[in-house]
Amino acid sequence: MNVSANSKDPSIRDELSSAFDWWREAGVDYTFTDDATAWLREPGEPRDKEAPQPADERLSSSKREAPEVAERREPAEPARIDFFAGNPPQSLEEFREFWLSSPGLDTIGPRGRVAPRGCSQPEIMVLVVDPEPSDSDILLSGPQGRLLDRILAAMGFSDEQTYLASALPRHTPMADTHSLAESGLDAVLHHHIALVAPKRLIAFGAGLAPFLGPDLETRGTDSQQVKPSVRLPDALTCEGLDSLMNMPRLKARFWRRWIEWTATHD
């Protein structure tokens, strides 16, 4: 079809007007809603008090009676907990006992927790977000652990020079690490690191950032609070071991970062 040079595309107003005309010709000239209506009410009979009001009436009523309901409320910040109850462990042995038996450390309880392993003052401490799905008695005993063993061997570290730990006591898929850290678990991790006293720290997993970040304000309403104040050792942060397993290019990138990091932190 040929269109003359003087013709122009219809405006939005023209299109809406045409659409309304079409519906009027079809006989649809009323607004219909999904609200319940008392169709069988006798003429002149008052409306049932419990019958739902039309949407427009409900809206105007809510504005008249409770305008504050429409105000936007900021989400409440989680209360901060002192998981040590004022008595933090003074040795790695005490921390291990606390980690495996403290009932308030998480909502599930002691069952299924996996302890850290290694000795104090190691050459390197390796930190992950949580244990592997298959871990039971030994942390990182599955495929991720085997990859880590090869990485540490290539770095020249033996088992006696390494300490392995997790920020969470059990395997926790899709963990909200930001909320967990703010609840006070960041203080638990910092105290753990202080007890280990490693020369270097490698953190595998982006979820560890809330635990290790610099902005560690004390929050909460009660006086029983713990604010992380431990000076962390030199740390290298990188992708999780599961990501390194599935994406070979990340292994190469991690190794380059390790070489560069050790060159400036010897």
Side-chain donor-acceptor contact under 3.5 Å, Asp135 with Ser141: yes
Closest non-hydrogen contact found for Gly207 with Pro210 is O-CD, 3.2 Å
hydrophobic_cluster_shared for Ile138 and Phe157, side chain cutoff 4.5 Å: no
Interatomic spacing from NE2 in His171 to CG in Leu139 - rounded to 0.5 Å: 12.5 Å
Does a side-chain heavy-atom distance below 4.5 Å link Asp137 with Val114? no
Do the side chains of Glu94 and Trp99 get nearer than 4.5 Å, heavy atoms only? no
Trp261 backbone acceptor or donor facing Thr264 side chain under 3.5 Å: yes
Is there a salt bridge (charged side-chain N to carboxylate O under 4.0 Å, His left out) between Asp186 and Arg80? Walk through the geometry before answering. CA-CA 10 Å; Asp186 53 356; Arg80 195 166 177 84; 2.6 Å; yes
Considering all heavy atoms of both residues, which atom of Gly142 and which atom of Ser134 are nearest to each other, and what is their separation? CA-OG, 3.9 Å
Ile124 reachable from Trp255 in the ILVMFWY side-chain graph, under 4.5 Å edges: yes
Please assess Arg113 against Leu105 for the test side-chain contact (heavy atoms from CB on, under 4.5 Å), listing each intermediate value before the final yes or no. CA-CA 10 Å; Arg113 295 179 186 173; Leu105 191 57; 3.5 Å; yes
side-chain contact (heavy atoms from CB on, under 4.5 Å) between Asp130 and Arg170: does it pass, once the steps are laid out? CA-CA 6 Å; Asp130 59 343; Arg170 71 179 75 255; over 6 Å; no
Holding to side chain to side chain contact (heavy atoms under 4.5 Å, CB included), I want the full list of residues that pass it with Glu15, two or more places apart in sequence or in another chain. Pro10, Ile12
Can Leu189 and Leu212 be said to form a side-chain contact (heavy atoms from CB on, under 4.5 Å), step by step? CA-CA 9 Å; Leu189 176 61; Leu212 301 174; 4.1 Å; yes
side-chain contact (heavy atoms from CB on, under 4.5 Å) evaluation trace for Glu97 with Leu100: CA-CA 5 Å; Glu97 178 64 24; Leu100 293 178; 5.7 Å; no
Would you indicate whether the side-chain heavy atoms of Val126 and Leu148 approach each other to under 4.5 Å? yes
When you compare the side chain of Asp149 with that of Gln144, does any pair of heavy atoms fall below 4.5 Å? no
Would you say Pro143 and Glu132 make side-chain contact, with heavy atoms under 4.5 Å? yes
Expected list for residues 159-167: side-chain donor-acceptor pairs under 3.5 angstrom, two or more places apart:
from, atom 1, to, atom 2, distance (Å)
Glu160, OE1, Ser158, OG, 3.3
Gln161, OE1, Ser158, N, 3.0
Gln161, OE1, Ser158, OG, 3.4
Thr162, OG1, Ser158, O, 2.9
Tyr163, OH, His192, NE2, 2.8
Ser166, OG, Leu168, O, 2.7

Report the residues that fulfil side chain to side chain contact (heavy atoms under 4.5 Å, CB included) with Ser17, sequence neighbours left out, ordered by chain and then residue number. Asp21
Any side-chain heavy-atom pair from Ser120 and Val196 closer than 4.5 angstrom? no
d(Trp258 CH2, Ile202 CD1) to nearest 0.5 Å is 4.5 Å
Please identify each residue that fulfils salt bridge (charged side-chain N to carboxylate O under 4.0 Å, His left out) with Arg117, with sequence neighbours left out. none
With heavy-atom distances below 4.5 Å as the criterion, would you say the side chains of Leu236 and Arg200 are in contact? no
Mind listing the side-chain donor-acceptor pairs of residues 238-249 below 3.5 Å, one per line with the distance, residues two or more places apart or on another chain?
from, atom 1, to, atom 2, distance (Å)
Glu239, OE2, Arg253, NH2, 2.1
Asn246, ND2, Asp242, O, 3.1

In Å and rounded to the nearest 0.5 Å, what is the CG to CZ distance from Leu185 to Phe211? 5.5 Å
Could you grab the distance from atom CZ of Phe254 to atom CD1 of Ile151, nearest 0.5 Å is fine? 5.0 Å
Can you find a heavy atom in the side chain of Pro169 that is under 4.5 Å from one in the side chain of Asp106? yes
Rounded to the nearest 0.5 Å, the CD1 atom of Ile81 sits from the CD atom of Glu182 at a distance of 12.0 Å
Who passes salt bridge (charged side-chain N to carboxylate O under 4.0 Å, His left out) against Glu123, sequence neighbours left out? Lys199
For Phe98 and Phe95, take the angle between the two ring planes, folded into 0 to 90°, and tell me which bin it lands in: parallel under 30, tilted 30 to 60, perpendicular over 60. tilted
For the backbone of Thr237 and the side chain of Arg257, can you confirm whether one donor and one acceptor N or O come within less than 3.5 Å of each other? yes
